[in-house]
Enquirer: 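First, the structure itself, so that you have it in front of you.
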Amino acid sequence: MAPADATARPPRPRGALARAGTALCVVEAARLLRHPAVWVGVLLAVLPWLYEWVAGDSDAGPPVLHDADRATQANLLVLGAGALVASHLAVLRSHRHDTERLYRVLPLPRSVRAAAHLGAALPLGVLGSVLVAARMIGLAGVPDAAGRPDPAELAAGPILVVLLAAVGVLLGYLAPRAVAAGPLAVLVLATGSYALWSSTSRLRWLGPYAAEHLITPLPANLLGRPAGAHLAYLGGVTVLIGALTLVLAGAVRVAAPAAAVAGALVVVTALIQIRPVDAELTARRVAATERPASLQTCERRNVVTLCAFPDFVPWTAVWDEVVQGVLRAVPADRRAALPPLVVRQRVPATDALSGGRELPMPPVAAWHDDDLRAGRPDPVDVGTSWSPPSGILEFAAGFAQRVVSETDGDGPAGDGPGAGTGPVGGTVRLCGARGVVVGWLAARATSQATDAYRYVVSHSSGDLVLRVPGFSGGLLVGRGAVSTVSSLLALPAGEVTDRLAAGWPELTAPTTSTERAAALLGVASPAADTGAC
């Protein structure tokens, strides 16, 4: 009988290694979840959301959910930075405590310990998912929330947290004694992310988070973000980093094939992401910009038909509140004589992703033809942004201008190049009494419009310019009219409404001066208009 080999390791019970590795993974996961760096990341991620919730943020408009979904990724970047530092420190713990030599007498291989550290990062992804879910549930509960979130955009944030935690583990095996490697990696990632963040190049998709520089929100089907490919890209990078870590830890035979597959996935998804915008998406953006009528949902409320892109239909209730607020102050006989009015949403989809370039000129001729084909000529224009304080006032002023022009029988007010096409068609000057009437109808439409008017006036030095978001041009209310409207807002609304009804024909006549309007409405003579009027 041959003698037993004294140097041979005793056979391990089946599954013992897996159970030991799992137990270590659970312990390390609990340590990561309790780590101060992680909780600093959580705090910095949710602080903007908590401020918005605690402060009430009454000036915020209804959210656009398909914009809010990708914004969660930016917040989770700071949680990912905390996860990177914490996981890196966890891997270096044995070096800091000089216990690495003791591990050599334990039956747990280095590769299993590396796998345990990598697995410990997964609960951080769950933590990120909880934060994202809480954020989106809160936003979806806001009245009139528009749009629909993309699951791929929502999942990218939590994956990003796991990826950065895996980077921390990899650094621990690349530089086992470099304690500063984690913070330095965070600094490098932050610098690189900022550089990609401010870029409009498709190459920004190769970073952790691809920002959009929209001049106004777009319908979801016009964004053209390769969110699914980016999610797969982040997953591939995460697996690749984990596989490289295991290779460094000695598990070459197991990890090398995984690294090859993950590397191929990263290359393929990277190529998908950086492809230029296809012709079909470009055609959809052109159609939405120039021919929106056939793409919209319309709803008639009293004498006004409200037309919106499907994602923004919930906002029609908000528009209607402003519309009814304007109409209430119009004399009853004039209101009864109003023809059917139309409010149509406009979007600069072909230029919205320009990254902050000069605002585009509206395609007035194309809109005119499109409105005629739809049987609803000369609508009141409204944008895809509803951000107080100016957004509500801008829409109220545009609608009030149309009401005034329809009730005086003299055609659209103003003499600008967009006269007859609404305020988006160019700069429509509202001077004299007409400016006073339009300004007052808009400013007292709702309480938010009143607040917006006071805010905008307090931040203006003369004439008041109100534009539809996303396009150049708009309404220009002269300085004298602005001063008169401010005086009228100090009076009881019913008193001003009665005087307005009594003097409506003269007050809406193009030749009536601001001084005469002030006299008819019982306020002091205003400041002189500037050269624009």
Side-chain angles (χ1 to χ4, degrees), residues 21 24-25 27-29 31-33 35 37-38 41 76-97 100 103 108-128 156-193 196 206-209 231-267 269-270:
L24 179 60
C25 180
V27 171
E28 292 295 345
R31 282 175 173 265
L32 277 185
L33 286 173
H35 199 283
V38 170
L76 290 196
L77 274 173
V78 289
L79 173 57
L84 190 157
V85 172
S87 62
H88 182 243
L89 290 175
V91 173
L92 296 188
R93 189 185 309 119
S94 59
H95 295 280
R96 295 200 309 275
H97 298 168
E100 185 64 25
Y103 286 153
L108 207 58
R110 192 165 179 250
S111 59
V112 175
R113 282 187 279 135
H117 280 296
L118 291 170
L122 296 178
L124 296 179
V126 176
L127 175 61
I159 289 285
L160 191 55
V161 174
V162 176
L163 187 158
L164 292 177
V167 169
V169 177
L170 175 63
L171 289 175
Y173 282 86
L174 280 175
R177 296 187 181 278
V179 179
L184 285 175
V186 169
L187 182 62
V188 171
L189 283 170
T191 305
S193 297
L196 291 171
L206 303 185
Y209 167 59
L231 181 64
Y233 172 78
L234 293 178
V237 172
T238 304
V239 173
L240 182 60
I241 290 173
L244 292 177
T245 304
L246 293 176
V247 168
L248 291 173
V252 178
R253 193 175 60 182
V254 175
V261 173
L265 177 63
V266 169
V267 172
T269 52

Enquirer: How close do Ala185 and Leu84 get, counting heavy atoms only, and between which atoms?
Expert: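 Where Ala185 meets Leu84 most closely, the heavy atoms are CB-CD2, 4.1 Å.
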
Enquirer: State which residues pass side-chain contact (heavy atoms from CB on, under 4.5 Å) with Leu248; sequence neighbours excluded, sorted by chain then number.
Expert: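 side-chain contact (heavy atoms from CB on, under 4.5 Å) list for Leu248, sorted by chain: Leu170, Tyr173, Leu174.
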
Enquirer: By side-chain contact (heavy atoms from CB on, under 4.5 Å), which residues pair with Ala83, not counting sequence neighbours?
Expert: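 Residues passing side-chain contact (heavy atoms from CB on, under 4.5 Å) with Ala83: Leu124, Val161, Ala165.
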
Enquirer: Where is the tightest heavy-atom contact between Gly128 and Leu79, given as atom of each residue plus distance?
Expert: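 For Gly128 versus Leu79, the nearest heavy atoms are CA-CD2, 4.1 Å.
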
Enquirer: Donor-acceptor pairs under 3.5 Å, side chain of residues 237-245 to any protein atom, not counting sequence neighbours: which ones?
Expert:
residue, atom, partner, partner atom, Å
Thr238, OG1, Leu234, O, 2.7
Thr245, OG1, Ile241, O, 2.8

Enquirer: About how many Å separate CG of Leu76 and CG of Leu127, when rounded to the nearest 0.5 Å?
Expert: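 So the CG of Leu127 and the CG of Leu76 are separated by 8.5 Å.
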
Enquirer: Before giving the answer on side-chain contact (heavy atoms from CB on, under 4.5 Å), spell out for Leu246 and Leu118 the whole-Å C-alpha distance, their side-chain angles and the decisive distance to 0.1 Å.
Expert: CA-CA 9 Å; Leu246 293 176; Leu118 291 170; 4.2 Å; yes

Enquirer: Quick one: ring-ring contact (aromatic ring centres under 6.0 Å, His included) partners of Tyr209, sequence neighbours excluded?
Expert: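 Expected list: Trp197.
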
Enquirer: Passes side-chain contact (heavy atoms from CB on, under 4.5 Å), Leu77 versus Leu189? Steps please.
Expert: CA-CA 10 Å; Leu77 274 173; Leu189 283 170; over 6 Å; no

Enquirer: Mind listing the closest non-hydrogen atom pair of Val91 and Gly172 along with its distance?
Expert: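 Minimum heavy-atom contact is CG1-CA, 3.7 Å.
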
Enquirer: Provide the full list of salt bridge (charged side-chain N to carboxylate O under 4.0 Å, His left out) pairs with a residue in residues 181-190, sequence neighbours left out, each pair given once.
Expert: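 Matches after skipping sequence neighbours: none remain.
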
Enquirer: Please list all pairs passing the salt bridge (charged side-chain N to carboxylate O under 4.0 Å, His left out) test where one or both residues lie in residues 80-94, with sequence neighbours left out.
Expert: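 Passing the test, one end in residues 80-94: Glu28-Arg93.
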
Enquirer: Using the side-chain hydrogen bond (donor to acceptor under 3.5 Å, both in side chains) criterion, which residues pair with Arg96? Sequence neighbours excluded.
Expert: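 Arg96 satisfies side-chain hydrogen bond (donor to acceptor under 3.5 Å, both in side chains) with no other residue.
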
Enquirer: How close do Ala90 and His117 get, counting heavy atoms only, and between which atoms?
Expert: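 Shortest heavy-atom contact: O-CE1, 3.6 Å.
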
Enquirer: Quick check: closest heavy atoms across Leu206 and Ala270, and the distance to 0.1 Å?
Expert: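 Smallest heavy-atom distance, with atoms named: CD2-CB, 3.6 Å.
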
Enquirer: Would you please name every residue forming a salt bridge (Lys or Arg N to Asp or Glu O under 4.0 Å) with Arg31, sequence neighbours left out?
Expert: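 Arg31 satisfies salt bridge (Lys or Arg N to Asp or Glu O under 4.0 Å) with no other residue.
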
